[in-house]
Amino acid sequence: MKTSFIKSTLVAALSLSALGAMAGTIDNSSISAGAVANTAAVLGSSALQNIGVAEGNSVIRHSTVNVTGATNTAAGFASSAKQYLGYTSGSGRIENSSVRVVNAHNLSAGLGSTAVQKVGFATENGKVVDSHVTALNVFNTSAGFGSTAKQSIGGAENNGVLKNSTVYVNGAFNTSGGIATTATQRIGVAR
């Protein structure tokens with residue numbers, strides 16, 4: 001009896017895991033976020049902030065993502081950060097949509113560091129089609145020992161397609177600033 005209960009529980013757990021791996025869709029929707037903050041702050045640190053994100057063979061379609069004042073901070077020892085705003089992954093597509101981000105700050109600042117920030121971006125055979133991406137005053141900073149940074153705005157990667165779309169960026173700052181440094185900023189890029 002105990003063995004069959006364990007098997008049943010295992011089957012249920014695996015079924016729920018499979019459901020979690022299904023495609024994410026944001027369709028005919030409006031997402032608006034203002035003055036949002038996410039912080040890990042020291043020791044093992046990490047953070048991660050997703051706003052208007054669809055993952056796993058995903059699509060943002062006929063939708064609007066507006067973000068004003070998004071702050072994501074790890075700030076310390078083993079750090080990391082990441083911040084995805086109007087982003088799709090896993091054959092991700094942004095179609096007939098608008099992504100507008102103003103005053104976004106992503107900060108790692110420390111020993112292990114990293115950062116990353118993606119705005120209006122699609123990955124893994126990603127496509128941005130018939131869409132508008134606007135980014136104003138967006139900051140991505142690594143600033144420390146292991147450093148890295150990266151920032152991707154209005155584009156697609158890993159066999160990416162950017163088609164019939166507008167990407168407007170004014171004030172995009174990507175800084176690594178430290179010992180093992182890197183940086184990398186991509187705006188309106190399909191690769």
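Scope of the values below: all heavy atoms of this structure, side chains included, with no hydrogens, waters or symmetry mates.
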(message) Test your reading of the model: is there a side-chain donor-acceptor pair from Ser165 to the backbone of Asp130, 3.5 Å cut-off?
(response) yes

(request) Treating Ile, Leu, Val, Met, Phe, Trp and Tyr as nodes and any side-chain heavy-atom pair under 4.5 angstrom as an edge, say whether Val138 and Val167 lie in one connected cluster. (result) yes

(message) Suppose we call two aromatic rings close when their centres sit under 6.0 Å apart. Are Phe121 and Tyr87 close by that rule?
(response) no

(request) State yes or no: do Val67 and Phe139 share one hydrophobic cluster built from I, L, V, M, F, W and Y residues joined by side-chain heavy-atom distances below 4.5 Å, directly or via other members? (result) no

(request) From the options Gln185, Lys118, Gln83, select the one residue that forms a side-chain hydrogen bond (donor to acceptor under 3.5 Å, both in side chains) with Gln151. (result) Gln185

(request) Could you pull out the closest heavy-atom pair between Ala122 and Val128, with the gap in Å? (result) CB-CG2, 4.2 Å

(message) Any heavy-atom pair between the side chains of Ile153 and Val133 that's under 4.5 Å?
(response) yes

(message) Quick check on Phe77: does its CZ atom have over 12 non-hydrogen neighbours (other residues, nucleotides or ligands) under 6.0 Å away?
(response) no

(message) Minimum heavy-atom separation for Ala54 and Ile60, please, with both atom names.
(response) CB-CG1, 4.3 Å

(message) Out of the candidates Lys150, Lys127, Arg191, only one should pair with Glu157 under the salt bridge (charged side-chain N to carboxylate O under 4.0 Å, His left out) rule; please name it.
(response) Arg191

(request) Kindly work out whether a path of hydrophobic side-chain contacts (I/L/V/M/F/W/Y, heavy atoms less than 4.5 Å apart) joins Phe173 to Ile187. (result) no

Output a table of donor-acceptor pairs, distance under 3.5 Å, between side-chain atoms of residues 99-110 and any protein atom two or more places apart or on a different chain; print 'none' if there are none.
residue, atom, partner, partner atom, Å
Asn106, OD1, Asn72, ND2, 2.9
Asn106, ND2, Val116, O, 2.6
Asn106, ND2, Asn140, OD1, 2.9
Ser108, OG, Thr114, N, 3.1

(request) Please answer whether the main-chain N or O of Ser147 pairs with a side-chain N or O of Ser113 as donor and acceptor at a distance below 3.5 Å. (result) no

(message) Looking at every heavy atom in both Ala74 and Ala81, which two are closest together, and how far apart are they?
(response) CB-N, 3.8 Å

(request) Just do the side chain to side chain contact (heavy atoms under 4.5 Å, CB included) check on Leu136 and Tyr168 with the steps written out, would you? (result) CA-CA 8 Å; Leu136 307 172; Tyr168 176 75; 3.6 Å; yes

(message) Can a donor-acceptor pair be found, under 3.5 Å and without considering hydrogens, that links the side chain of Ser176 to the backbone of Ser142?
(response) no

(message) A side-chain contact here means heavy atoms from C-beta on lying under 4.5 Å apart; do Thr71 and Val36 qualify?
(response) no

(request) Give the minimum heavy-atom separation between Ala190 and Gly160, together with the two atoms involved. (result) CB-O, 3.6 Å

(message) Would you say Val65 ends up clustered with Ile26 if hydrophobic residues are merged whenever their side chains have heavy atoms under 4.5 Å apart, either directly or through other cluster members?
(response) yes

(request) Write down the atom of Ile94, the atom of Ser131, and the distance for their closest heavy-atom approach. (result) O-OG, 3.4 Å

(message) Quick one, Glu124 and Asn159 - any side-chain contact, counting heavy atoms below 4.5 Å?
(response) no

(message) Let's go through Tyr84 and Ser89 carefully: what are the C-alpha distance in whole Å and the side-chain angles of both, what is the deciding distance for side-chain hydrogen bond (donor to acceptor under 3.5 Å, both in side chains) to 0.1 Å, and is it a yes or a no?
(response) CA-CA 10 Å; Tyr84 303 114; Ser89 67; over 6 Å; no

(request) Any pair with a residue in residues 58-68 that passes side chain to side chain donor-acceptor pair (under 3.5 Å), sequence neighbours left out, goes on the list, sorted by first then second residue, please. (result) Asp27-Arg61, Arg61-Glu95

(request) State yes or no: do Val119 and Ile31 share one hydrophobic cluster built from I, L, V, M, F, W and Y residues joined by side-chain heavy-atom distances below 4.5 Å, directly or via other members? (result) yes

(request) Would you indicate whether the side-chain heavy atoms of Arg93 and Val129 approach each other to under 4.5 Å? (result) no

